[in-house]
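In what follows, chains are A, B, ... by sequence order, proteins preceding strands, each numbered from 1.
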2 protein chains.
Amino acid sequence: MGRVGLTTERLVRAGAELADEAGFEQVTVSALARRFDVKVASLYSHVQSSQDLKTRIALFALEELADLAADALAGRSGKDALTAFADVYRDYGREHPGRSAAARLRLDPETAAASAGVRHAQLTRAVLRGYDLPEPEQTHAVRLLGSVFHGYVSLELAGGFSHSLPDSEETWARMLDALDALLRNWPTRPTGA
Amino acid sequence: MGRVGLTTERLVRAGAELADEAGFEQVTVSALARRFDVKVASLYSHVQSSQDLKTRIALFALEELADLAADALAGRSGKDALTAFADVYRDYGREHPGRSAAARLRLDPETAAASAGVRHAQLTRAVLRGYDLPEPEQTHAVRLLGSVFHGYVSLELAGGFSHSLPDSEETWARMLDALDALLRNWPTRPTGA
DNA sequence: TGTGTTTGCCTAATAGCTTTAGGCAAATTA
DNA sequence: TAATTTGCCTAAAGCTATTAGGCAAACACA
């Protein structure tokens, strides 16, 4: 009957943990209430709706991920930076599958524009500084890297690369070799056949 | 009161249409029952559960997509094949966003192994035949392409590339140029710095 | 320290989705 | 046409989401 000390903050954190433990789809207002041993309706003072909760968890994950990426990038450049940056995404996906899934939640444009997603793009550009691509090629490269990381983490988490050789580890390393080579050798034109 | 003629087949097809119209998350046994003007419980003779329904829609989409990809690949090779293949995925995502999302549903290993997902991998290998990569590099490349297409379609559908320049169209074309160049010039070793 | 206001968590209630059990009538088969 | 199968229905229970309104703990201040 006492007060538990609910906070939007605490709910979001607990939601992120729940996501990692049980999957992001399992994150529900009810499940969270259960976790705090509190009635469901009580959460509605701190969170507008189920959708709001999920969005907040997504934003939280995006922030956390951007912080990690920024740290990883500090003092690195070139392939070293590329690898460190990429590893942040992959490691996050493996250590925090739920948060990682949350970070992939579809956000409405305004929310997305105000999210740390923007920082992610900037950080990717920072990585590319080491490769010296002119605009608009740099933007294309940003999108390529985003697609690769997003896709790879997603597929790996879905189990796409398990139970088959070669190791996902090896593919990841070779993929980064390939991307590094590609960025150092970015084609200027539809390379003639 | 007459019989409507429900079938697992028809339910799956209608589910796929519903997904495209309203989003895959909106596909529910109830919504489908409404669409057939039938009581919810009636669907349970044709579908085991909500999860079963979604899985069947996912499998349907994977088949359809593999068929389209196979068609597109016929008679093509090299960059021509790569482009046609890639375009199938992107176009499918834009014409059938719901089915496309369904195709990205996490399947349990056995289901995935028996799905058309296997054909997708084979078709990707067919594309790579034009680039003559030795194993295990070919597998790495299959995974890279899978990641890029998966990620790009997903991000584009989420609106990631709208409202910003350059055009998503242009990025897609340049990305394929880049991937073509990369595959023709696949690095053999951690290219020394 | 007492008083008043805020506010956190509760009860109650409505509504939608999922799933199971059991029934009746239409379609199929003999 | 009679027997059997089977398709869709009613009924019911359980879970999630959400809103409205209430009471008491925490806080703010005199």
Side-chain angles (χ1 to χ4, degrees), chain A residues 1-60 98-99 101-102 105-108 111, chain B residues 1-61 97-99 101-102 105-108 111:
Chain A
M1 284 87 186
R3 302 194 176 183
V4 188
L6 296 183
T7 303
T8 304
E9 185 71 17
R10 287 188 65 197
L11 288 178
V12 171
R13 290 202 120 80
E17 284 164 24
L18 177 57
D20 286 337
E21 292 164 19
F24 187 54
E25 332 74 45
Q26 302 305 315
V27 174
T28 149
V29 184
S30 301
L32 215 46
R34 238 173 274 129
R35 180 168 274 233
F36 280 96
D37 198 28
V38 139
K39 297 297 170 181
V40 187
S42 306
L43 300 207
Y44 280 82
S45 316
H46 306 279
V47 143
Q48 285 181 23
S49 67
S50 184
Q51 187 55 48
D52 179 47
L53 170 66
K54 285 170 193 154
T55 300
R56 283 176 189 277
I57 296 173
L59 294 175
F60 170 76
R99 287 150 139 102
L105 182 67
R106 206 188 183 307
L107 301 175
D108 46 293
T111 311
Chain B
M1 285 82 182
R3 301 193 175 183
V4 188
L6 296 183
T7 303
T8 304
E9 184 72 15
R10 288 188 65 198
L11 289 177
V12 171
R13 289 200 120 81
E17 285 165 23
L18 177 57
D20 286 337
E21 292 164 18
F24 187 54
E25 331 72 44
Q26 303 305 316
V27 175
T28 146
V29 183
S30 300
L32 216 45
R34 237 174 275 131
R35 180 168 273 233
F36 280 96
D37 199 27
V38 139
K39 297 297 171 182
V40 187
S42 306
L43 299 207
Y44 281 82
S45 314
H46 306 279
V47 142
Q48 285 181 22
S49 67
S50 183
Q51 187 55 48
D52 179 46
L53 171 66
K54 286 170 192 154
T55 300
R56 284 175 190 276
I57 296 173
L59 294 175
F60 170 76
R99 287 148 139 104
L105 182 68
R106 206 188 184 307
L107 301 174
D108 46 292
T111 310

Determine, step by step, whether B:Glu25 and A:Arg106 satisfy the salt bridge (Lys or Arg N to Asp or Glu O under 4.0 Å) criterion, reporting the C-alpha distance in whole Å, the side-chain angles of both residues, the deciding distance to 0.1 Å, and the verdict.
CA-CA 12 Å; B:Glu25 331 72 44; A:Arg106 206 188 183 307; over 6 Å; no

Please determine whether side chain to side chain contact (heavy atoms under 4.5 Å, CB included) holds for the pair B:Arg56 and B:His46, giving the CA-CA distance in whole Å, both sets of side-chain angles, and the decisive distance to 0.1 Å.
CA-CA 11 Å; B:Arg56 284 175 190 276; B:His46 306 279; over 6 Å; no

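Note that CD1 of B:Ile57 and CZ of B:Phe24 are 5.5 Å apart. Values are rounded to the nearest 0.5 Å. Put simply, CG on A:Leu18 and CG on A:Leu11 are 11.5 Å apart, with the number rounded to the nearest 0.5 Å.
DNA chain C lies under 4.0 Å from at least one heavy atom of each of the following residues of residues 35-49 of chain A: A:Val38, A:Lys39, A:Ala41, A:Ser42, A:Ser45, A:His46.
Comment: B:Glu17 does not engage B:Arg13 in a salt bridge, judged by the lack of any side-chain N to carboxylate O separation of less than 4.0 angstrom.
In this structure, the CD atom of B:Gln26 is 14 Å from the P atom of C:dG16, given to the nearest Å. The CD-P distance, from A:Glu25 to C:dC17, rounds to 20 Å in whole Å. Per the geometry, CZ belonging to A:Arg3 stands 7 Å off P belonging to C:dG8, to the nearest Å.
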Distances under 3.5 Å between protein N/O atoms and the N/O atoms of nucleotides 13-16 of chain D, please, pair by pair.
residue: D:dT16; atom: OP1; partner: A:Arg34; partner atom: NH2; Å: 2.6
residue: D:dT16; atom: OP2; partner: A:Arg34; partner atom: NH2; Å: 2.9
residue: D:dT16; atom: O3'; partner: A:Thr28; partner atom: OG1; Å: 3.1

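Annotation: side chain to side chain contact (heavy atoms under 4.5 Å, CB included) contacts of A:Ser30 (sequence neighbours excluded): A:Thr28, A:Arg34, A:Val40.
Of all the heavy atoms in A:Val4 and A:Phe36, the pair that sits closest is CG1-O, 4.1 Å.
The number of heavy atoms from other shown groups lying within 6.0 Å of CG (B:Asp108) is above 12.
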